[in-house]
Amino acid sequence: MDEAHVEKKHPRAESIKIREAITRSVEANVVALAGLIAHGRGEAFDYILGEKTTSPGMKAITASAAYIILAEHPILSVNGNVAALCAEEFVELSKISNSKLEVNLFHRTLEREIAIENLLKKAGADKVLGVGEAASSRIQEIFSDRRRVDPEGIFKADVVFVPLEDGDRTQGLVKMGKKVLTVDLNPLSRTAQWANVTIVDNIIRAMPLLISEVKRLKTVKPLELKAIIKNYDNKKVLSEAMIIMEQRLHSLAEKGVYLDIDY
Ligand code: PTJ
């Protein structure tokens, strides 16, 4: 990452560094051009959320951890943005939870699949599914080239973790009977609405917390994990996230203070 021109004292230095990383990753063939638009949309919602992990976000992280631990064939789906932002965390999560990593792209090209596979391997992955001819199965519920998946991966998975995902594919996976876990800062997106569990948080903050929750809950009895899932209500969690956004905007507007962050 080229940080030379990111002034350390800049009030939004962290955000600029992440933008730099995403932009460099377009040049490295990891992130699709449309990934820049997706990132900008995420940033806008994060502003409204307050750039913090919230209580509904944490509930969704705990439920996701329970689903992943109880799954027979858990798959972590990696796209360009996810690889650019959290390759190492994905590799760690796959190792501690015995989940497989699958590259699954919306804007599919072999060059990008290979670039993402290489990035994951550099981050410590032993095996990466879904690259090239390996994605030989088709999801009937999805039209277009996006239906291609790995028969050893998403095709036979019972639980799929698909952050920053497009709505059609999320809907297709849910219709196939899979449990879909996602991370999406936009609680109104079709993915957020269709998924079984939606973590409304920035993936950069959510991944270390998800890793900690998986480590913590691995020692808990399956019955307790099942209870976490049974008591989890994604619609309620989405409503809570939207209320936090609404109330935050409301209170800022009432105070007439727009920069409530420590600048
Ligand atoms: O790499 P590819 O080809 O698979 O393409 C990846 C993108 C992200 C371009 C593709 O899946 C896409 O177009 O996704 P959408 O429909 O733009 O949805 C992405 C969602 O992720 C949006 O609702 C964003 O608000 C959200 N988002 C973006 N960045 C973050 C985020 N959510 C959490 N953390 C982020 N950092």
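Counting starts at 1 for both ligands and their atoms, following the listed order. Because only heavy atoms are used, hydrogens play no part in the values below, and waters and symmetry mates are left out as well, while side chains stay in. Owing to the predicted nature of the structure, the values given are computational and were not obtained by experimental measurement.
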Is it true that Glu27 and Arg24 have a side-chain N and a carboxylate O under 4.0 angstrom from each other? yes
Checking the side chain of Glu102 only, and the main-chain atoms of Asp150 only, is there a donor and an acceptor separated by less than 3.5 Å?
yes
Ranking Leu85, Leu164, Thr191 by closest non-hydrogen atom to atom 31 (C) of ligand 1, top hit is Leu164
The side-chain contact (heavy atoms from CB on, under 4.5 Å) partners of Phe45 (sequence neighbours excluded) come to Arg41, Leu185, Asn186, Pro187, Met245
Check: Hey, mind stepping through Tyr232 and Tyr67 against ring-ring contact (aromatic ring centres under 6.0 Å, His included) and telling me if it holds?
Finding: CA-CA 11 Å; Tyr232 180 80; Tyr67 267 113; 7.7 Å; no
Counting from 1 in the order shown, the ligand 1 atoms closer than 4.0 Å to a non-hydrogen atom of Gly80 are 1 (O)
Please tabulate, for side-chain N and O atoms in residues 198-205, each donor-acceptor pair with protein atoms closer than 3.5 Å (sequence neighbours left out).
| from | atom 1 | to | atom 2 | distance (Å) |
| --- | --- | --- | --- | --- |
| Thr198 | OG1 | Ala192 | O | 2.7 |
| Thr198 | OG1 | Asn234 | ND2 | 3.0 |
| Asp201 | OD1 | Arg205 | NE | 2.9 |
| Asp201 | OD1 | Arg205 | NH2 | 2.7 |
| Asp201 | OD2 | Thr53 | OG1 | 2.6 |
| Asn202 | OD1 | Ile204 | N | 3.1 |
| Asn202 | ND2 | Asp46 | OD2 | 3.1 |
| Arg205 | NH1 | Asp46 | OD2 | 3.1 |
| Arg205 | NH1 | Glu51 | O | 3.4 |
| Arg205 | NH2 | Asp46 | OD1 | 2.7 |

Out of Pro187, Ala206, Gly42, the nearest non-hydrogen contact to atom 25 (O) of ligand 1 is supplied by Gly42
Is_contact(atom 12 (C) of ligand 1), protein non-hydrogen, under 4.0 Å: no
task = May I ask you to check if ligand 1 and Leu105 share an N or O to N or O distance below 3.5 Å?
result = no
Min over Leu36, Asp184, Thr182 of heavy-atom distance to atom 22 (C) of ligand 1 lands on Asp184
Numbered in order shown, the ligand 1 atoms found under 4.0 Å of a heavy atom of Gly35 are 9 (C)
